[in-house]
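Below you'll find the structure, written out as structure tokens, and then a few comments.
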Amino acid sequence: MRAPADRELDRALGGRLWRMTGLAAVAGLAWAARDVPAALGGRLTGARAERAARSPQFRDGTFHNRAATRTMTTGDPGRNLVWELIFGKQRRRPSAPVPLLPPAPPPATDVERELNIVWYGHASAMIEIEGRKVLVDPVWSDRCSPSAAVGPRRLHQPPVRLADLPPVDAILISHDHYDHLDMATVQELTRRQSAPFLVPLGVGAHLDRWGVPAERIVELDWSERHRVGGLEIIATAAQHFSGRGLRRDGTLWSSWVVAGAHRKVFYTGDSGYFDGYAEIGAEHGPFDVTLMQIGAYDRAWPAIHMFPEEAVSAHLDLRGGLFLPVHWATFNLALHDWSEPVDRLWAEAKARDVRLAVPRPGERVVVDDPPPVDGWWQAVA
């Protein structure tokens with residue numbers, strides 16, 4: 001039997017251990033949240049707020065879609081999304097490593113006819129057009145989250161390091177959600193590149209907070225345009241929402257037209273299917289290639305993300321040539337199977353005679369001579 005003094009020592013040591021464990025837990029939480037305040041971004045103030053208030057898309061203190069839009073539906077009352085997230089049988093991750101390809105050297109071609117796309121995963125891509133390079137929605141961080149320690153994590157590594165990107169002429173951001181606008185990536189691009197950031201109204205407040213020089217921030221409303229070298233870049237409508245914290249729709253969202261003298265590209269950003277695609281196609285099309293969002297859909301939020309079949313309809317509305325899918329493969333952001341978006345897309349593209357390219361992350365697609373669709377994702381699904 002232990003002496004009372006020994007038992008008292010045990011209690012004292014135990015109490016100290018619990019206190020140390022508690023302090024370690026608090027320190028761990030503080031470490032995980034250390035970047036969160038900055039990652040949340042900035043707020044509209046001053047001249048930026050005054051400009052936003054003049055936008056046709058802005059009323060009652062927030063930006064709006066053209067039509068009344070709900071981010072979540074109230075239908076399907078028997079469905080429990082949380083239960084499905086935890087216990088659902090969907091295969092939401094690939095079963096083997098996603099194959100990556102470093103971009104092959106671009107083909108020698110007449111600069112006036114040049115048009116290539118390098119898809120890096122999710123919505124990040126490089127548009128190589130008529131001797132210019134336009135980087136779209138770059139996200140190189142391990143997580144699309146305000147925290148480096150928690151949040152959706154990459155299912156594959158970036159196929160190219162940010163340090164290895166060539167000099168670019170413009171950086172386009174479609175909206176301020178974390179899987180499209182990443183603080184660490186923006187800060188590194190600010191250090192390594194000299195290109196302007198073209199963003200929807202209000203998003204410049206985030207870039208301001210992250211140290212991007214004011215002269216490198218170009219904010220555009222829908223239908224506004226900006227020239228970069230020989231390119232005309234136009235912000236066009238989308239049907240989505242915005243927000244990096246509890247407050248929503250304090251910044252605008254957009255799709256983008258990138259037009260050279262001879263070649264044209266359209267990028268959806270994130271959007272539900274809406275009649276704006278036909279209007280954009282009539283005004284700015286036809287397009288040599290469209291970069292179309294196909295993943296992270298669900299019947300619980302049908303108005304803000306397209307189903308693959310709707311993306312094909314949008315591509316046809318836009319008068320698109322080659323269809324190149326984005327917004328899939330890299331982050332687990334919905335309840336469908338990992339490979340379902342591109343499986344459905346392939347079937348619909350064949351049924352509607354749409355030209356399709358499905359590159360591996362990092363693969364350069366020459367728009368005039370795209371690689372055949374080979375179902376590479378099915379081997380790792």
Side-chain angles (χ1 to χ4, degrees), residues 32 34-36 38-41 93-94 97-104 116-128 133-200 203-204 206-213 216-217 244 256 258 267-270 291 293 295-296 324-333 338 359-365:
R34 69 195 186 283
D35 295 327
V36 170
L40 292 174
R93 305 175 66 88
V98 175
L100 308 179
L101 285 182
N116 313 313
I117 307 294
V118 181
W119 177 59
Y120 300 113
H122 198 60
S124 302
M126 184 80 79
I127 300 169
E128 301 173 337
K133 292 180 172 61
V134 178
L135 184 60
V136 175
D137 278 354
V139 174
W140 256 251
S141 288
D142 193 44
R143 299 181 187 273
C144 56
S145 166
S147 170
V150 295
R153 193 168 194 172
R154 283 184 167 273
L155 302 175
H156 66 81
Q157 290 302 306
V160 177
R161 297 188 311 158
L162 271 182
D164 294 332
L165 289 182
V168 302
D169 296 279
I171 302 166
L172 303 188
I173 305 296
S174 64
H175 63 296
D176 71 0
H177 287 159
Y178 292 99
D179 56 321
H180 296 258
L181 178 63
D182 175 62
M183 180 179 71
T185 303
V186 165
Q187 290 176 330
E188 187 165 354
L189 287 170
T190 301
R191 291 191 298 269
R192 294 183 177 277
Q193 300 277 351
S194 60
F197 290 81
L198 277 61
V199 301
V203 175
H206 303 319
L207 304 189
D208 272 345
R209 184 168 187 185
W210 301 338
V212 180
R216 289 181 60 184
I217 301 172
R244 297 177 71 82
W256 291 99
V258 179
Y267 168 52
T268 56
D270 278 3
L291 280 61
Q293 170 255 306
L324 196 151
V326 299
H327 208 269
W328 79 284
T330 307
F331 295 109
N332 188 346
L333 301 176
W338 175 79
R360 295 154 178 81
E363 186 174 4
R364 174 177 278 107
V365 173

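- Expressed to the nearest 0.5 Å, how far CG of Leu181 lies from OG of Ser174 amounts to 9.0 Å.
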Worksheet item: Can you check side-chain contact (heavy atoms from CB on, under 4.5 Å) on Leu100 and Arg360, steps first, answer last?
Response: CA-CA 6 Å; Leu100 308 179; Arg360 295 154 178 81; over 6 Å; no

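- For the pair Val36 and Pro146, the minimum side-chain heavy-atom distance is below 4.5 Å.
- With sequence neighbours excluded, the residues satisfying side-chain hydrogen bond (donor to acceptor under 3.5 Å, both in side chains) with Arg192 are Glu188.
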Fill in: Trp256/Ile127 under side-chain contact (heavy atoms from CB on, under 4.5 Å): CA gap, chis, key distance, verdict
CA-CA 12 Å; Trp256 291 99; Ile127 300 169; over 6 Å; no

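- A distance-only check finds a donor-acceptor pair linking the side chain of Ser145 to the backbone of Val150 [under 3.5 Å].
- Side chain of Gln293 to backbone of Tyr267: no donor-acceptor contact under 3.5 angstrom is found.
- The closest donor-acceptor contact from the side chain of Thr190 to the backbone of Val212 lies at 3.5 Å or more, if one exists at all.
- When all heavy atoms are compared, the tightest approach of Val160 to Pro103 is CG2-CD, 3.5 Å.
- At distances below 3.5 Å, not a single donor-acceptor pair connects side-chain atoms of Asp169 with backbone N or O atoms of Val134.
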Discussion item. Apply side chain to side chain donor-acceptor pair (under 3.5 Å) to residues Asp270 and His177 and explain how you reach the verdict.
Written reply: CA-CA 10 Å; Asp270 278 3; His177 287 159; 4.8 Å; no

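- When all heavy atoms of Asp137 and Ile173 are compared, the closest pair comes out as OD1-CA, 3.2 Å.
- Looking only at side-chain heavy atoms (C-beta outward), Cys144 and Leu333 come within less than 4.5 Å of each other.
- A distance of 11.0 Å separates CG of Leu198 from CD1 of Ile217, quoted to the nearest 0.5 Å.
- Trp338 places a side-chain N or O within donor-acceptor distance of the main-chain N or O of Ala329, the cut-off being under 3.5 Å.
- When all heavy atoms of Pro152 and Asn332 are compared, the closest pair comes out as CB-O, 4.3 Å.
- Here the OH atom belonging to Tyr178 is positioned 4.5 Å from the CZ atom belonging to Arg244, to the nearest 0.5 angstrom.
- Trp210 and His206 have parallel rings, their planes meeting at less than 30° on a 0 to 90° scale where 60° marks the start of perpendicular.
- A distance of 13.0 Å separates CG in Leu172 from NE2 in His180, rounded to the nearest 0.5 Å.
- Remark: the backbone N or O of Val168 is paired with a side-chain donor or acceptor of Gln193 at under 3.5 angstrom.
- For the pair Val139 and Asp179, the minimum side-chain heavy-atom distance is 4.5 Å or more.
- Note: His327 and His122 have tilted aromatic rings, judged against thresholds of 30 and 60 degrees for the angle between ring planes.
- Here Asp182 contributes atom CG and Arg143 contributes atom CZ; the two are 12.5 Å apart, rounded to the nearest 0.5 Å.
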Item to complete: Would you check, one step at a time, whether the test side-chain contact (heavy atoms from CB on, under 4.5 Å) holds for Asp142 with Gln157?
Response: CA-CA 8 Å; Asp142 193 44; Gln157 290 302 306; 4.0 Å; yes

Practice prompt. Take Val326 and Trp119, measure what side-chain contact (heavy atoms from CB on, under 4.5 Å) needs, and give me the verdict at the end.
Written response: CA-CA 8 Å; Val326 299; Trp119 177 59; 3.8 Å; yes

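- In this structure, Pro99 and Pro361 approach most closely via the heavy-atom pair O-CD, 3.4 Å.
- Under a 3.5 Å cut-off, the side chain of Arg154 and the backbone N or O of Thr330 do not form any donor-acceptor pair.
- A distance of 10.5 Å separates CD1 of Ile117 from CE of Met126, quoted to the nearest 0.5 Å.
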